[in-house]
Each structure stands twice: as structure tokens, then as C-alpha cells.
Amino acid sequence: MNFLKSLAHPDDLVALVKFRFLGGAENIAPQIKLSSLDEPLRVCYQLLKRTSRSFAVVIQALDPELRDAVCLFYLILRALDTVEDDMTIPLSEKIPLLNKFHEFLESPDWSYTESTCKDGVVLERFPVISSEYRRLKPAFREVIKDITARMGAGFCIYLQKEVSTLANWDEYCHYAAGLVGIGLSRLFAASGLEDEGIATSTDLANSMGLFLQKTNIIRDYLEDVNDSRHFWPREVWSQYAQNIGDLRRPELAAQAVTCLNHLITNALQHVPDVIAYLSQIKNQSVFNFCAIPQVMAIATLARCYNNHGVFTGVVKIRKGEACSLMMQAVSMEQTLQIFQKATFELGHKISVTDPVASVTLSTVQKVLVLCHGQPVYDPSQGATATGSSSAASPQPLSPEDKAELYRLMMLQQREGTTTMFSSPTIAWGMCFLALTYQYWMSCISVQ
């Protein structure tokens, strides 16, 4: 199916072939041999793949000093999140579970078998996960237990409180994902693969998590509303509809898209922090691990911006695009090019009638300038640990602002490099050569 979808996009087809058949996947995300692991640890990696194929790929590509700790960190937080997500667990039972969850890490026999969520298996097999956690070195265990406790407490707050304001949205996303970024930064430093300074860059690490979480919340509007829950802040959506579910109504399509753009503009304000954080990373496997989800997020937001499809289905990037992004996001220079391209795409959709267009424009300009290599961002002015990214009061978008955006975009376009696959004819030719190569290699291996 992915192959058929890519036929209309030759660059995607080339990326898929290169990623799957010509060593792209192995170069970016080499996988470990599960047969070489002890049985309990092998079960943990099998659970990782079962609960998140995308994270399984990038986690297994980490250097050995860090890989197991991050795998277990993910599984433990996935188990915690599964408790929070399970709508069948009564609140009277759920809140004590979340508040005490970090204590279960020290309980060899604790498990939970009543979850109806698709990822409930991590709760059922928690004794295996916790046993491997207890084998980690103390510095890793301290980080994982601390973040688990703080996240569980945060979830309890928002099980009893609505995401009402933009400040609430930042705080909820801090508990759900910002703490993950902070915890990962501490694990990077504890492993010795990164400098100690990255563990203290909590504002930037928090923004890394908030950018990913807000992207997911924005993209998943329809799924969440259909499940009778929502994470869009009332402060924003109430400006466009009486009830958040009303944004699905065809007669409110214009208001829905305006609301969507408002939230995307808010999320974009984390991008300078994301760029500042990524620029600190020295280890290649850590860089790939951090950069790949971020480039997926900016590409997703560019696709969602001004797109009513968010309210009628799932808007996502194509498989071939995802492969291409993974193969490109291996250096700061190439990552900046991805952010530049996605921001360029988004900027072209800004409408002068959008009430937050001036804020969107300002953020787009900042990102384009950062990607262009001009040092206009001071990391010390980034968001606080609980976030402070609320959009400023919108001002009308002047013709001068629009002209400035166009000028910046044209500058990026003129100075940008053309890829070797920009011509469809060349792309199809490269695809043919790649498939031919794969065919002959398979013949040789058979012989």
C-alpha cells in the first residue's frame, strides 16, 4: 500500500527504496539482535516494538551505554500512561495507582491485569520490566523513578481539572512530555555520552517535549473528541465554537481551521528552543534519537496548518516522506534544512484574514532566520520549566509583514539546494536502478 501511495510522489518512492533496500534503515537505525539478549531483557524489547514501532527503531539505534535505560524508561512511562488513558478504570482507583506508580518499580510481583487498553500488556508484564529496571545503574534508576513520580502526580491533577487556559495546556504537556525530555536529558548525561550541561538545560528539554505533545494533540483532535475526551485548551477553542465537538460540523469549517491555526501558532513558538537544544548534542546516536521525532513533528504541523482534514480524518505525512526525513536528520545542518522547508511550506499558507496571522508570521520569520544561520535566538530567554509559550495578543497582519515573509522565503528558496531527485524523470530512473540492484543482489544471494 505504501508503495502504491508513493507512485504519485517519485521522491517518496526513491526514499522508500533507499531506506528499505539500499542500507538507509541500517545506517540510520541499526537494530540489535534480540537473540543475543537475556530472556527478560529480550521480552522488554519485544514489548517496546509491540507498543511503539517508531520509538523501537530509534531506541534500538542508541549506543549500548544508554539503550537499555531508555528502553525501560519508555516502557515504564508507557505503563503509567496506559493507566491514565484507560477510561474503564474508576477515578477512585486510578488516582491512587498513578500516585504510587513509582513505588511499584521496587515491587517484584506488582502487575495490573484489568486494563482494556491496547497497550495493557506492559501492565501485565510489569514484573519483567521492573526487574530489568532494578538491574540498571543507580544514576539511571534515580532519574526514571523521579520522573515517573512527577508524571504520575501531574496526571492526577489533570484527571480532576480541565485544560482550560493556554497556561494549563503548557502545564499538562509538561507533565505528559516535557518531563520525558527532562528525564532523557539527565539519562544522556548519566550515560557519559553527553556533557553534564545538557541535564541542566531543563527549559529547552521541556520545550522539546511540549513541541511533540502539542503536535500530537493538534493532529489527534478527531480521535480524541470521538472518544469523548479532548486536550485542546478551552481558552482557544471557545473563541470559535460553543462546544469543542462542534468544530467537526461542516458549517463551522472556517472557524475550525482558524482555531487549528491558532494552536499550531502556539506550538511553533517552541521551535527556537528545539533548535537550541539539538545544537548542544554531540553524540550521533543521541542526535538521531532526538532530531527524528522533531522533524516529523514540524512536517506534520506544516501539513496540518490551514487544513480542514484534521476535523474529518487523520492528517499525517506519507511513509516515503517519513523515510526521507529519517535519512536526512543526521546532522544539524540537514535538520535545519528540514525545519526551513516545512516552515516555508507553512508560511505560504498564512492568510491575512487569520486573527493570529501576525504571531504566526513573527514565529515563521524567527525560524527561517535561525535556519538561515543568523544568531538571533538567546536560549536564556526560552520557556520556563512549566512553559510560558502562550501566543501574544494578535495584531492585524500588515502588507509590510506579508512582504517581509515573502522576502525571507524567496531568499531561502534562492539559496536552497536542489536535490538530485527533484526531477521526476531522474527520480524514476534512480528508482529503477535501485530495484534492479536489489533484484541482482537477491539472485547472487540465492546462488
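All values below were derived from every heavy atom in this structure, side-chain atoms included, with hydrogens, water molecules and symmetry-related copies excluded.
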Novice: Check the side chains of Q334 and S331 for a donor-acceptor pair under 3.5 angstrom, ignoring hydrogens and angles.
Specialist: yes

Novice: I'd like to check the salt bridge (Lys or Arg N to Asp or Glu O under 4.0 Å) partners of D220; sequence neighbours left out, ordered by chain and number.
Specialist: none

Novice: For Y45, look at atom OH and say whether over 12 heavy atoms of other residues, nucleotides or ligands are found less than 6.0 Å away.
Specialist: yes

Novice: Evaluate V180 against M151 for side chain to side chain contact (heavy atoms under 4.5 Å, CB included), listing each step before the verdict.
Specialist: CA-CA 9 Å; V180 179; M151 186 178 290; 3.5 Å; yes

Novice: What are the two closest non-hydrogen atoms of C371 and I275, and how far apart are they?
Specialist: SG-CD1, 4.5 Å

Novice: Taking side chain as C-beta onward, heavy atoms only, is F339 less than 4.5 Å from V274?
Specialist: yes

Novice: Treating Q160 as the side-chain partner and C156 as the backbone partner, does any N or O pair qualify as donor plus acceptor under 3.5 Å?
Specialist: yes

Novice: Can you list the residues that meet the ring pair (Phe, Tyr, Trp, His ring centres under 6.0 Å) rule with Y221, with sequence neighbours excluded?
Specialist: W232, F311

Novice: Are side-chain N/O atoms of S324 and Q328 paired as donor and acceptor at under 3.5 Å?
Specialist: yes

Novice: Can you list everything that forms a salt bridge (Lys or Arg N to Asp or Glu O under 4.0 Å) with D68? Sequence neighbours excluded, please.
Specialist: none

Novice: Is it true that a side-chain atom of D38 and a backbone atom of P40 form a donor plus acceptor pair closer than 3.5 Å?
Specialist: no

Novice: Is it true that, when you exclude E333 itself, more than 12 heavy atoms of the residues, nucleotides or ligands shown sit nearer than 6.0 Å to its CD?
Specialist: no

Novice: Working note: I147 + L184, criterion side chain to side chain contact (heavy atoms under 4.5 Å, CB included); need CA distance, chi angles, decisive distance, verdict.
Specialist: CA-CA 10 Å; I147 297 298; L184 285 170; over 6 Å; no

Novice: Could you work out, with salt bridge (Lys or Arg N to Asp or Glu O under 4.0 Å) as the rule, every residue matching K282, not counting sequence neighbours?
Specialist: D195

Novice: Do R78 and D119 have side chains that get closer than 4.5 Å, going by heavy atoms?
Specialist: yes

Novice: Is a donor on one side and an acceptor on the other found under 3.5 Å between the side chain of N226 and the backbone of L222?
Specialist: yes

Novice: Please give me the minimum heavy-atom distance between N306 and K349, naming the atom from each residue.
Specialist: ND2-O, 3.5 Å

Novice: Could you work out, with side-chain hydrogen bond (donor to acceptor under 3.5 Å, both in side chains) as the rule, every residue matching Y277, not counting sequence neighbours?
Specialist: S185

Novice: Quick one: list whatever passes side-chain contact (heavy atoms from CB on, under 4.5 Å) with L66, sequence neighbours left out.
Specialist: L62, V70, L187, F188, S191, L193, V286

Novice: Does the side chain of Q269 come within less than 4.5 Å of V359's, by heavy atoms?
Specialist: yes

Novice: Would you please say whether a donor-acceptor pair under 3.5 Å links the side chains of D86 and S115?
Specialist: yes

Novice: Does any part of the side chain of L370, heavy atoms only, come nearer than 4.5 Å to the side chain of L336, both counted from C-beta?
Specialist: no

Novice: Determine whether Y240 and H262 make a side-chain contact, defined as any pair of heavy atoms from C-beta on separated by less than 4.5 Å.
Specialist: yes

Novice: Indicate the atoms forming the closest heavy-atom contact of K94 with L159, along with that distance.
Specialist: CD-CD1, 3.5 Å

Novice: When you compare the side chain of F155 with that of L80, does any pair of heavy atoms fall below 4.5 Å?
Specialist: yes

Novice: For T51 and L75, run side chain to side chain contact (heavy atoms under 4.5 Å, CB included): C-alpha distance rounded to whole Å, both residues' side-chain angles, the deciding distance at 0.1 Å, then the answer.
Specialist: CA-CA 8 Å; T51 54; L75 289 174; 4.2 Å; yes

Novice: What's the verdict on salt bridge (Lys or Arg N to Asp or Glu O under 4.0 Å) for R234 and E162, showing C-alpha distance, side-chain angles and the deciding distance?
Specialist: CA-CA 8 Å; R234 176 183 290 272; E162 182 187 16; 2.9 Å; yes

Novice: Between M332 and F287, which heavy-atom pair has the shortest distance, and what is it?
Specialist: N-CZ, 3.6 Å

Novice: Flag the pair L268 / T343 as yes when at least one side-chain heavy-atom distance between them is below 4.5 Å, and no otherwise.
Specialist: no

Novice: If you measure only the distance, is there a donor-acceptor pair under 3.5 Å linking the side chains of S201 and Q280?
Specialist: yes

Novice: Only counting residues at least two apart or in another chain, list the ones meeting salt bridge (Lys or Arg N to Asp or Glu O under 4.0 Å) with D246.
Specialist: R249

Novice: Using residues 106-114 as the side-chain source, report each donor-acceptor pair under 3.5 Å to any protein atom, sequence neighbours left out, with the distance given to one decimal.
Specialist:
from : atom 1 : to  : atom 2 : distance (Å)
Y112 : OH     : E93 : OE2    : 3.1

Novice: Going by the rule ring pair (Phe, Tyr, Trp, His ring centres under 6.0 Å), which residues pair with Y172 if we only count those two or more places apart in sequence or in a different chain?
Specialist: Y158, F231

Novice: What I want to find out is whether R303 reaches E321 closely enough, with some N-O distance under 4.0 Å, to be called a salt bridge.
Specialist: yes

Novice: Would you confirm whether Q239, through its side chain, and E235, through its main-chain N or O, come within 3.5 Å as a donor-acceptor pair?
Specialist: yes

Novice: Just distance, no hydrogens or angles: give the donor-acceptor pairs under 3.5 Å from side chains in residues 124-144, sequence neighbours left out.
Specialist:
from : atom 1 : to   : atom 2 : distance (Å)
S130 : OG     : F126 : O      : 3.2
S130 : OG     : P127 : O      : 3.2
S130 : OG     : R134 : NH1    : 3.3
S131 : OG     : P127 : O      : 3.4
S131 : OG     : V128 : O      : 2.7
E132 : OE2    : R135 : NH1    : 3.1
Y133 : OH     : R141 : O      : 3.1
R134 : NH1    : L105 : O      : 2.8
R134 : NH1    : S130 : O      : 3.4
K137 : NZ     : A190 : O      : 2.9
R141 : NH1    : L136 : O      : 2.4

Novice: Rounded to the nearest 0.5 Å, what separates atom CG in N168 from atom NE2 in H174?
Specialist: 13.5 Å

Novice: Taking N266 for its side chain and L263 for its backbone only, find out whether a donor-acceptor pair lies under 3.5 Å.
Specialist: no

Novice: Which is it for L325 and I292 under the side chain to side chain contact (heavy atoms under 4.5 Å, CB included) test, yes or no, and what are the steps along the way?
Specialist: CA-CA 7 Å; L325 291 172; I292 288 172; over 6 Å; no

Novice: To check you understand the geometry: which heavy-atom pair defines the closest contact between C290 and M208, and what is its length?
Specialist: CB-CE, 4.0 Å

Novice: By ring pair (Phe, Tyr, Trp, His ring centres under 6.0 Å), which residues pair with Y175, not counting sequence neighbours?
Specialist: none

Novice: Is there a donor-acceptor pair under 3.5 Å between the side chain of T215 and the backbone N or O of F211?
Specialist: yes

Novice: Tell me whether the count of non-hydrogen atoms from other residues, nucleotides or ligands lying under 6.0 Å of CD in Q242 goes above 12.
Specialist: no

Novice: Mind checking whether K366 and V271 have side chains closer than 4.5 Å, heavy atoms only?
Specialist: no

Novice: Does any N or O in the side chain of N243 come within less than 3.5 Å of the main-chain N or O of G245, such that one atom is a donor and the other an acceptor?
Specialist: no

Novice: For A267, enumerate each residue passing the side-chain contact (heavy atoms from CB on, under 4.5 Å) test, keeping only those at least two apart in sequence or located in another chain.
Specialist: K214, I218, L301

Novice: Specify the closest pair of heavy atoms between P233 and L166, including all atoms of both residues, with the distance to one decimal.
Specialist: CG-CD2, 3.9 Å

